Amino acid sequence: MKVLLFTHEQDIDGMGCAVLANHAFTDLEVVPCKTFEITKKVQEYIDNKKINSFDKVFVTDLCIKEPLLTSINKNNDLKEKIQVIDHHKSEMDEGNDQYDFVSIIVEENGKKESGTSLFYKYLLKNKFLKQEKYLDTLVEWTRQYDVWDWKIVNNVHARYLHILFEELGYEEYLKIANSFIQQKEVSFNNKHLDIIHQFEKRLEQEINSILSNMKIVEVPIQNKNYRIGYVISNYKYRNDINEFVIQDNKYNIDTVGMIMTDMDTVSYRNVKDIDASIIASYFGGKGHKNAASNPKNNEKFRDLMKQNNITIP
């Protein structure tokens, strides 16, 4: 079977799907996608008819948007071939799960799902993969980090996967994850641990500078004022900055809005118990309650930045 996989390239969850697909299928093409380009990428493969040469097409940890969803649903060949597997609440809020070829599951049996955990279940159910302990471990650590459960169970190893990904990029991360599968064990060697240590060291050195330039903005959405602390940051720190703010929330903010210097996105991570996906959706984005993002080029967002004299990098 010839398989095409579109998956999120910006975190270990999307890349976890690529790792599983590489292990499950011998004839595989992977198309890494940024958060807000998935619909365009799939449309390109449909327009140039490349998609016709594949027997099965997966979209993981991302969801195609309208009007392409409706177009696929009207094409029997495409809707039989394409399977979307996602876990983002905002996609359900938009009604993108109304189609048979789209499966969006945020939580199941009291456990939060990730793209990787859902794809793993799909591959096991359809006998594309055999369940193995080392696969269980890699999938679970990926899930824990992506949905923040790693903090509840205090599993720093899940965060180590994330740090390796951020420091080395997705291509090198795939090599590392595939090496775990080859050795049938998920374990970190001295080289991995040194990379992780250096990341932590740089984060501590840079965090004060990042937070010192925070600008507080109040945004009224759905009859509620959200107090957002906007900072300029490198993308790799998006899951760490709010942890420092939580320790001393002297600005009394609800969430940190991180305007990325090296990505086309703005990421939100909660400081208080709010729904960050509401903020991201307001600015044309998507996400979960505790973690969400919107494109930097959204008109509403750009107007807000201009009104508050915040320069978008």
Side-chain angles (χ1 to χ4, degrees), residues 1-88 90-92 94-105 113-129 139 142 169-171 173-175 177-178 263-265 284-287 293 295 297:
M1 186 168 70
K2 190 174 183 182
V3 176
L4 177 63
L5 171 69
F6 296 91
T7 195
H8 194 199
E9 72 173 47
Q10 292 172 257
D11 63 25
I12 62 171
D13 193 28
M15 286 299 103
C17 297
V19 172
L20 292 176
N22 186 62
H23 194 46
F25 306 110
T26 55
D27 194 352
L28 172 71
E29 180 178 333
V30 178
V31 182
C33 302
K34 292 184 172 61
T35 303
F36 299 106
E37 67 178 13
I38 179 60
T39 303
K40 178 183 175 183
K41 290 269 191 178
V42 175
Q43 185 70 68
E44 287 174 356
Y45 269 73
I46 293 173
D47 291 344
N48 61 27
K49 303 188 186 311
K50 284 184 179 179
I51 205 164
N52 296 338
S53 66
F54 294 91
D55 301 301
K56 191 68 180 176
V57 179
F58 295 104
V59 176
T60 56
D61 196 33
L62 291 169
C63 188
I64 302 166
K65 300 286 191 180
E66 295 287 13
L68 183 54
L69 285 170
T70 297
S71 177
I72 292 170
N73 196 54
K74 291 178 179 179
N75 185 312
N76 287 331
D77 289 338
L78 286 179
K79 73 178 180 180
E80 288 296 322
K81 180 180 293 191
I82 295 174
Q83 178 66 55
V84 178
I85 299 174
D86 194 19
H87 68 121
H88 291 96
S90 55
E91 300 295 348
M92 297 178 70
E94 291 180 18
N96 295 333
D97 59 339
Q98 65 182 291
Y99 305 98
D100 291 341
F101 62 92
V102 178
S103 175
I104 303 175
I105 301 173
E113 296 285 2
S114 74
T116 299
S117 63
L118 291 171
F119 192 41
Y120 187 44
K121 288 181 178 180
Y122 176 93
L123 294 172
L124 292 177
K125 180 181 178 180
N126 290 278
K127 302 189 185 307
F128 292 122
L129 274 182
V139 169
T142 301
Y170 73 80
E171 291 181 346
Y173 178 79
L174 287 176
K175 292 179 183 178
N178 286 327
M263 288 286 178
D264 58 357
T265 55
K286 57 181 283 185
S293 64
N297 64 2

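Because the structure is a prediction, the values reported are computed rather than measured.
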Fill in the blank from the handout: Contacts of Glu37 meeting side-chain contact (heavy atoms from CB on, under 4.5 Å) (sequence neighbours excluded), chain-then-number -> Cys33, Lys34, Lys41

Problem - Pair Glu66-Thr70, side-chain donor/acceptor within less than 3.5 Å - result: yes

Practice task
Decide if atom CG of Asp27 counts as having more than 12 heavy atoms of other residues, nucleotides or ligands within a radius under 6.0 Å.
Solution key: yes

Handout entry: Test item: Phe6 and Leu62 side chains (from C-beta on) under 4.5 Å apart, heavy atoms
Key = no

Exercise for the section: Identify the heavy atoms of Cys63 and Thr39 that sit nearest to each other, and give their distance. Expected result: O-OG1, 4.4 Å

Exercise for the section: Quick one: closest heavy-atom pair of Leu69 and Ile64, and the distance? Expected result: CD1-O, 3.2 Å

Exercise for the section: Take Asn48 and Glu44, measure what side chain to side chain donor-acceptor pair (under 3.5 Å) needs, and give me the verdict at the end. Expected result: CA-CA 6 Å; Asn48 61 27; Glu44 287 174 356; over 6 Å; no

Exercise for the section: Give, for atom CD1 of Ile82 and atom CD1 of Ile46, the distance between the pair rounded to the nearest 0.5 Å. Expected result: 5.0 Å

Practice task
Any pair with a residue in residues 56-65 that passes salt bridge (charged side-chain N to carboxylate O under 4.0 Å, His left out), sequence neighbours left out, goes on the list, sorted by first then second residue, please.
Solution key: Lys65-Glu91, Lys65-Glu94

Handout entry: ring-ring contact (aromatic ring centres under 6.0 Å, His included) partners of Phe54, counting only residues at least two apart
Key = none

Completion exercise
Distance col, row Ile38:CD1 vs Asp86:CG, nearest 0.5 angstrom, shows 9.5 Å

Handout entry: Tyr122 to Asn126 - nearest heavy-atom pair and separation
Key = O-ND2, 2.8 Å

Problem - Inter-residue atom distance Gln98.CD - Asp100.CG, 0.5 Å rounding - result: 10.0 Å

Completion exercise
For Ser114, the side-chain hydrogen bond (donor to acceptor under 3.5 Å, both in side chains) test, sequence neighbours excluded, returns Asp13, Ser117

Exercise for the section: Show your reasoning for whether side chain to side chain contact (heavy atoms under 4.5 Å, CB included) applies to Leu174 and Val19. Expected result: CA-CA 6 Å; Leu174 287 176; Val19 172; 3.6 Å; yes

Completion exercise
Separation between CG (Leu78) and NZ (Lys81), nearest 0.5 Å, reads 6.5 Å

Practice task
Kindly compute the distance separating CG (Leu123) from CG (Leu20), expressed to the nearest 0.5 Å.
Solution key: 6.0 Å

Handout entry: Partner set under ring-ring contact (aromatic ring centres under 6.0 Å, His included) for Tyr173, not counting sequence neighbours
Key = Phe165

Practice task
Apply side-chain hydrogen bond (donor to acceptor under 3.5 Å, both in side chains) to Glu29 and list each qualifying residue two or more places apart in sequence or on a separate chain.
Solution key: Tyr45

Exercise for the section: State which residues pass side-chain contact (heavy atoms from CB on, under 4.5 Å) with Ser90; sequence neighbours excluded, sorted by chain then number. Expected result: His88, Ser281, Lys286

Practice task
For residues Gly284 and Pro295, report the shortest heavy-atom separation together with the two atoms involved.
Solution key: O-CD, 3.5 Å

Completion exercise
Sequence neighbours excluded, the answer for side-chain contact (heavy atoms from CB on, under 4.5 Å) partners of Asn52 is Lys49

Problem - Smallest separation among heavy atoms of Ala18 and Leu5, with atom names - result: CA-CD2, 3.6 Å

Practice task
For Gly16 and Thr116, work out which heavy atoms get closest and say how close.
Solution key: CA-OG1, 3.5 Å

Exercise for the section: Scan for salt bridge (charged side-chain N to carboxylate O under 4.0 Å, His left out) pairs involving residues 71-80, sequence neighbours excluded, and state none if there are none. Expected result: none

Completion exercise
The side-chain hydrogen bond (donor to acceptor under 3.5 Å, both in side chains) partners of Thr26 (sequence neighbours excluded) come to none

Practice task
Without swapping roles, check the side chain of Thr7 against the backbone of Gly14 for a donor-acceptor pair under 3.5 Å.
Solution key: yes

Completion exercise
side-chain hydrogen bond (donor to acceptor under 3.5 Å, both in side chains) filter on Lys2, not counting sequence neighbours, yields none

Practice task
Please check if the side chain of Gln10 supplies one atom and the backbone of Thr35 the other of a donor-acceptor pair under 3.5 Å.
Solution key: yes

Problem - Under the ring-ring contact (aromatic ring centres under 6.0 Å, His included) test, residues paired with His8 that sit two or more places apart - result: none

Completion exercise
So CZ of Phe58 and CG of Leu28: to nearest 0.5 Å the spacing works out to 9.5 Å

